[in-house]
Amino acid sequence: MVAEKRIDDLIEAGWNVLESDFDPRAFQVWRNRAFDCLTMLLGSKHTYTLRFANYVRQPESMDTLAGEGILSAAKEQICRARWYEAAML
C-alpha cells in the first residue's frame with residue numbers, strides 16, 4: 001500500500017506541475033522524484049521506467065501527461081501483482 005500511496009502522491013504532484021504554468025524547477029523536481037520512484041519499485045530496465053525516461057523530458061503538457069499515464073499504469077501493475085500474490089496465499 002505504501003508504493004501505491006507514493007505513486008498517488010506523484011500523480012497529484014504532476015497535476016500541480018500542469019497547473020503551475022510549467023515552472024521548469026517544479027517539473028524537474030517532479031520528474032526526478034517520479035523517475036526515482038519507478039526505478040526503485042520496478043527497476044531501471046522495466047518498460048515503464050524506460051518509457052518515463054524517454055517520454056518525459058520537457059516541461060510541457062504532453063510530457064507531463066505522458067508521465068501521469070505511465071505512473072498510473074505502474075500503479076495498476078503493482079496493485080495487480082499484490083492482488084495476485086494475495087490470491088496465491
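These numbers were taken from a predicted model, which means no experiment stands behind them.
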Nearest heavy-atom approach of S61 to L18 is CA-CD2, 4.0 Å
Quick one: does L38's side chain get under 4.5 Å of H46's, heavy atoms only? no
Can you check side chain to side chain donor-acceptor pair (under 3.5 Å) on N32 and Q28, steps first, answer last? CA-CA 6 Å; N32 291 343; Q28 196 60 42; 3.1 Å; yes
Just verifying a value: how many Å separate D36 CG and R33 CZ, rounded to the nearest 0.5 Å? 9.5 Å
Taking V29 as the starting point, is it possible to reach M40 by hopping between hydrophobic residues whose side chains are less than 4.5 Å apart? no
How far does CE of M62 sit from OG1 of T64, to the nearest 0.5 angstrom? 10.0 Å
For residues F52 and R31, report the shortest heavy-atom separation together with the two atoms involved. CE2-O, 3.6 Å
Could you go through the side-chain contact (heavy atoms from CB on, under 4.5 Å) check for D23 and V17 one step at a time? CA-CA 7 Å; D23 172 24; V17 168; over 6 Å; no
So which heavy atom on L10 is nearest to which on C37, and how close? CD1-CB, 3.5 Å
Just wondering, do D8 and E12 contact through their side chains at under 4.5 Å, heavy atoms? no
Between atom CZ of R6 and atom CG of L71, what is the distance when rounded to the nearest 0.5 Å? 11.0 Å
Scanning both residues in full, the closest heavy-atom pair of I11 with S72 reads CD1-OG, 3.6 Å
Any side-chain heavy atom of W15 sitting closer than 4.5 Å to one from L65? yes
Does the T49 side chain pair with the main chain of K45, one donor and one acceptor, at a distance under 3.5 Å? no
Quick check against the 3.5 Å criterion: does N54 have a side-chain atom that pairs as donor or acceptor with the backbone of L50? yes
Shortest non-hydrogen separation from D63 to V56 and the atoms involved: O-CG2, 3.5 Å
Distance, nearest 0.5 Å, that separates CZ of F27 from CD of Q58: 7.0 Å
From L41 atom CG to K75 atom NZ, the distance as rounded to the nearest 0.5 Å: 12.5 Å
Of all heavy-atom pairs linking I70 and Y48, the shortest is CG2-O, 3.5 Å
